[in-house]
2 protein chains.
Amino acid sequence: MEKRRNYSRKREAILNAVRSTTSHPTADWIYEKLKPEYPDLSLGTVYRNLAQFKEDGTIISIGVVNGQERFDGNVKPHTHFVCSECGCVLDVPEEFINPDRMAQIEKEYHMRIDSADLLLRGICPDCFKKIR
Amino acid sequence: MEKRRNYSRKREAILNAVRSTTSHPTADWIYEKLKPEYPDLSLGTVYRNLAQFKEDGTIISIGVVNGQERFDGNVKPHTHFVCSECGCVLDVPEEFINPDRMAQIEKEYHMRIDSADLLLRGICPDCFKKIR
DNA sequence: CTCCGTGCAAATACTTTGCAAAGCG
DNA sequence: CGCTTTGCAAAGTATTTGCACGGAG
């Protein structure tokens, strides 16, 4: 049932690009970043490969921020913070969710929980400094 | 600095529509629901008013699910669950976040946290039953 | 040789916006 | 009357897709 997958230099570059940053990039950010080295890269390819990686679980999607989907090469569960001032997305290396509690919920509601993402919103340290 | 706001029957209807359901509706859902009673309602108006309510804090946005933004008239912090099978959005009336812990983080990182939303993903009770 | 991967451009799918007319206070 | 709200349609934006060709196995 699995689809055969050939090697592709561009696909590799896209994955590396996502993994090389903690900025939680958008598809376009990756496209722009790789464009110099791969002048014939197309945005469609970036989208197609990101979708594939997401499906494979190689990367995750943080969700849509200001109309653009943001990705993360760090698959380990962690909390994200979105600044309502500058729109940046930061990692918060804190564990909030209790796995036991989650298992309890699954049983109680007769459902399956695959992931639990905590999203914080507010003013990031940089903007916080500037404002006051 | 506050903007004057006139009364509008349609605005009221839109707010009631969001509040009348726990389905976490999309803009289009609201539009379709009100269309029979307000035949000259326009989708633009729905979008404009939802944006306004969101800004006022009268409603909240759950985020974008499958390309569409979903709203919630229940402003009280609570957890949401998105089914990856049918795309439905459910409420999970559980409190996971510890406010003290949150305050601690704010101080530690020198930032301001305005909201903390937990989003679960998995298979909802209905789909869970059907699948097995 | 047989599929997979890609560029390119066209097509989608939501959402936003400009403008003139209608409505509230 | 002055400012707000709205319908309508056009514009915008991010993302997806069809197709023909180059590339990996």
If the threshold is 4.0 Å, N to carboxylate O, is there a salt bridge linking [X] and [Y]?
{"X": "A:R5", "Y": "A:D56", "value": "yes"}
{"X": "B:D114", "Y": "B:R112", "value": "yes"}
{"X": "A:K10", "Y": "A:D40", "value": "yes"}

- request: Could you encode protein contacts along nucleotides 13-20 of chain D as a string, one character per nucleotide from 5' to 3', using B for base contact, S for sugar-phosphate-only contact and - for no contact, with a heavy-atom cut-off of under 4.0 Å?
  value: -SBBBB--
- prompt: Where is the tightest heavy-atom contact between B:P93 and A:Y109, given as atom of each residue plus distance?
  reply: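 Nearest pair, atom of B:P93 first, then A:Y109: CD-OH, 3.3 Å.
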- prompt: Where do A:S42 and A:Y31 come nearest, in terms of heavy atoms and distance?
  reply: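 Nearest heavy atoms, A:S42 then A:Y31: C-CE1, 3.8 Å.
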task: Kindly check if the number of other-residue, nucleotide or ligand heavy atoms within 6.0 Å of NZ (B:K129) is above 12?
output: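 Check fails, neighbour count at 12 or below.
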task: Flag yes if more than 12 heavy atoms outside A:E55 fall under 6.0 Å of its CD atom; otherwise flag no.
output: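 No, the 6.0 Å shell around CD holds no more than 12 heavy atoms from other groups.
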message: Under 4.0 Å from a heavy atom of chain A: give me the 5'-most and 3'-most nucleotides of DNA chain C that qualify.
response: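 That gives a stretch of C:dC4 to C:dC8.
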query: Through what angle, rounded to 10 degrees, does the axis of the helix from C:dC1-D:dG25 to C:dG25-D:dC1 turn between its ends, using five pairs per end?
result: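 Rounded value for the end-axis angle: 30°.
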Sidechain-backbone polar pair: A:R48 side chain, A:L43 backbone, donor-acceptor under 3.5 Å: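 No: the side chain of A:R48 does not pair with the backbone of A:L43.
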NZ or CZ of A:R101 within 45° of B:F96 ring axis and under 6.0 Å: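 Geometry flag: set, cation within 6.0 Å and 45°.
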- request: To the nearest Å, give me how far apart NZ (A:K10) and P (D:dG23) are.
  value: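 About 9 Å, once rounded to whole Å.
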message: Testing B:K54, B:E69, B:R70 one by one against B:S61 for a side chain to side chain donor-acceptor pair (under 3.5 Å), which residue passes?
response: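 For B:S61, the side chain to side chain donor-acceptor pair (under 3.5 Å) test succeeds with only one of B:K54, B:E69, B:R70, which is B:E69.
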